[in-house]
Amino acid sequence: MKAIIINKYGDLNELHLGQVKDLEPNKNEILIKVKAFTIAPLDTKIRNGNLKFILKRKFPMILGGDFSGTIVNLDKDIKNFSIGDEVMGATDPFKMNGPFAEYVKSKPDQIVKKPIQLSFTEAAALPIAAMSSLQSLRDLGKLKQGQNILILGAAGAVGHLAVQMARNMGAKITAVCRQVNADFVKSCGADYVIDYEKEQVFKEQNTYDIIFDTVAKYTFKDAKLALKKEGIYINTMPSPSLMIRSLFNSLTPKKLKVLMLKANPADLAIIKEWSANESIKVHLDKIYTGLESIHEATKYQETGHVRGKIAIEIG
């Protein structure tokens, strides 16, 4: 099958389109014909080696996490899915090959059946970004109705879904983005907007119950003064320094928490339901066609100015 592979850590040039061995499902595995997949900042961090300290993978690697597609084969003992089912989900990018390919192998607990209301491309854009938002706000931040939240990178993949979820949870939302995205994040549910190119992001002190940093351009030290006494700063991009700093949470009233995403069928089911009834809606900035578009699509992703998500359709 055709796949995008990397043979070593490095820049964009390490992404190579080539032929790899056809996949066969092993015990408790499902083989899926990929219809669409997305590209995320996490893929860049894995490719350039920034996350090798927690990566449990060997070269050659096939990157990616989010995908949608159609089941073409599966272990005979799997009963809740069938050949021909249209599904959406995400592989574990820290442990297994992803969907930058014609086919991907998945575990049953990594996928759900695609809502009929969503296209394959919309479905592929949801799992990781939506689960990251949900687990950050619900589990790490324990966001409650009426609380104040500052969302950094509010127009991005995780950010625009976090704005929608925080709105649904009844929070008061201040969104940080460029002015060109102000109307977009307001349409997602933001109450206030800070243009980071013209304003000081943390100008309000002792204001926010939660600061949700989806872009990792800021630090806990930067954010502390803007947090309330027992406020929580959440970062979605794990690094050694952040992991070490989080160990000292018991010593200070203001907490730093780092998201370690745990994909699970329960949260995928919630996201499926929310997307089906339009409680959340993913925004697709650009859609590319074919595996050969990987360099163009990744180059755009790495500008850092993607509104919502970008996807590649191959089915």
Side-chain angles (χ1 to χ4, degrees), residues 1-23 29-69 88-107 110-111 120-121 123-132 156-158 216 236-239 259-263 284-304 306 309-315:
M1 70 173 187
K2 290 182 180 179
I4 305 297
I5 60 174
I6 64 169
N7 294 302
K8 62 179 181 179
Y9 295 122
D11 61 18
L12 189 64
N13 294 320
E14 295 306 324
L15 294 168
H16 301 287
L17 176 59
Q19 289 282 343
V20 298
K21 185 178 179 181
D22 288 343
L23 300 176
E29 287 185 339
I30 297 171
L31 181 63
I32 298 158
K33 174 70 174 70
V34 177
K35 292 286 189 177
F37 63 83
T38 66
I39 302 172
L42 181 63
D43 299 309
T44 295
K45 287 182 173 291
I46 291 174
R47 190 198 70 226
N48 64 24
N50 283 358
L51 298 179
K52 60 185 177 183
F53 70 100
I54 56 174
L55 211 61
K56 298 178 180 178
R57 297 177 62 183
K58 296 179 180 180
F59 295 112
M61 293 183 196
I62 301 174
L63 299 178
D66 291 317
F67 66 89
S68 65
M88 57 185 265
T91 58
D92 185 341
F94 295 101
K95 296 180 181 178
M96 60 193 297
N97 278 332
F100 284 20
E102 292 181 306
Y103 297 87
V104 66
K105 288 202 295 186
S106 170
K107 304 288 187 183
Q110 294 174 324
I111 59 174
F120 278 109
T121 311
L126 274 166
I128 288 180
M131 281 192 289
S132 295
V158 175
T236 60
M237 300 288 184
S239 70
L259 175 68
M260 297 299 292
L261 181 65
K262 296 182 177 115
L284 289 162
D285 188 333
K286 289 189 178 183
I287 301 171
Y288 297 84
T289 304
L291 290 171
E292 62 275 10
S293 67
I294 189 67
H295 286 92
E296 181 185 1
T298 301
K299 187 175 181 179
Y300 180 59
Q301 171 65 51
E302 292 178 359
T303 65
V306 176
K309 294 281 288 185
I310 61 172
I312 294 181
E313 298 176 336
I314 62 171

Are the side chains of Ile294 and Ile39 in touch, meaning some heavy atoms are under 4.5 Å apart? yes

Is the backbone N or O of Lys2 less than 3.5 Å from a side-chain atom of Glu102, with the two atoms forming a donor-acceptor pair by type? yes

4.5 Å side-chain heavy-atom contact, Glu14 and Asn48: no

Note: Arg47-Glu302 ion pair, threshold 4.0 Å (strictly below): yes

Would you say the side chain of Asn97 lies within less than 4.5 Å of the side chain of Lys105, judging by non-hydrogen atoms? no

Heavy atoms, side chains only, cut-off 4.5 Å: are Leu15 and Ile6 in contact? yes

Given Thr91, which of Val104, Asp66, Ile111 fulfils the side chain to side chain contact (heavy atoms under 4.5 Å, CB included) condition? Val104

A side-chain contact here means heavy atoms from C-beta on lying under 4.5 Å apart; do Tyr9 and Leu55 qualify? yes

For Val20 and Tyr103, run side chain to side chain contact (heavy atoms under 4.5 Å, CB included): C-alpha distance rounded to whole Å, both residues' side-chain angles, the deciding distance at 0.1 Å, then the answer. CA-CA 11 Å; Val20 298; Tyr103 297 87; over 6 Å; no

Any side-chain heavy atom of Glu313 within less than 4.5 Å of one from Lys35? no

What's the separation between atom OG1 in Thr121 and atom CD1 in Ile314, rounded to the nearest 0.5 Å? 10.5 Å

Roughly how far apart are Met61 CE and Asn7 CG, rounded to 0.5 Å? 10.0 Å

Below 4.5 Å, heavy atoms only, C-beta onward: do Met260 and Ile54 meet side chain to side chain? yes

May I ask you to check whether over 12 heavy atoms, not counting those of Lys107, lie within 6.0 Å of atom NZ? yes

Taking the side chain as every heavy atom from C-beta outward, state whether Lys286 and Glu296 have any pair of such atoms under 4.5 Å apart. no

Under the side chain to side chain contact (heavy atoms under 4.5 Å, CB included) rule, what do Phe53 and Leu51 come out as? Steps first, then yes or no, please. CA-CA 5 Å; Phe53 70 100; Leu51 298 179; 4.0 Å; yes

